[in-house]
Amino acid sequence: MTNILRQEERIARDAAFERMLAELRPEFGLTEQIRRARLRAGMTQAQLARRMGTTQSAIARLEAGLGLPKIRTLKKLAEVTESRLVLRLDEGLDERIR
């Protein structure tokens, strides 16, 4: 198998793993959305931190899922990355999440 095929296979496995984590724990989905918003805005963690008035390590913790961010933080992140913040409460949580 060529290196390119191995790399594509690894990327597919990683994406599948990310989807599984997002289903198991909503926080993982949130951390991925935070990272994607930053990347869509074309910013590094350090650049996002400066725009939000915080530190790069704080952004790294957000993206790593170390603690849940306050709504105020999510609003600022959405503003800085030109994203739209949507909060939702869905009916009928799956037993795995409780």
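This one's a predicted model, so the numbers in the text were calculated from it and none came from an experiment.
Contact annotation: the side chain of Met52 approaches that of Thr73 to within less than 4.5 Å [non-hydrogen atoms, C-beta and beyond]. Side-chain contact between Leu30 and Leu62 is absent, with no heavy-atom pair separated by less than 4.5 Å. Residues Leu48 and Leu77 meet the side-chain proximity criterion, which asks for heavy atoms closer than 4.5 Å.
Side-chain N or O atoms of Arg38 include one that pairs as donor or acceptor with a backbone N or O of Met43 at under 3.5 Å.
Leu39 and Leu74 are members of different hydrophobic clusters when ILVMFWY side chains are connected at heavy-atom separations under 4.5 Å. No continuous path of ILVMFWY side-chain contacts below 4.5 Å connects Val86 to Leu68, so the two sit in separate hydrophobic clusters.
Here the closest heavy-atom approach between residue Gln56 and residue Ala46 is recorded as CG-N, 3.8 Å. Looking at every heavy atom in both residues, Ile34 comes nearest to Pro69 through CD1-CG, 4.4 Å. Minimum interatomic distance between Ala60 and Gln45 (heavy atoms only, all atoms of both residues): CB-OE1, 3.6 Å.
The distance from atom CZ of Arg40 to atom CZ of Arg35, rounded to the nearest 0.5 Å, is 10.5 Å.
In summary, Lys75 and Glu79 do not engage in a salt bridge, as defined by a charged side-chain N under 4.0 Å from a carboxylate O.
Under a cut-off of 6.0 angstrom, the local environment of CD1 in Ile71 is sparse, with at most 12 non-hydrogen atoms contributed by other residues, nucleotides or ligands.
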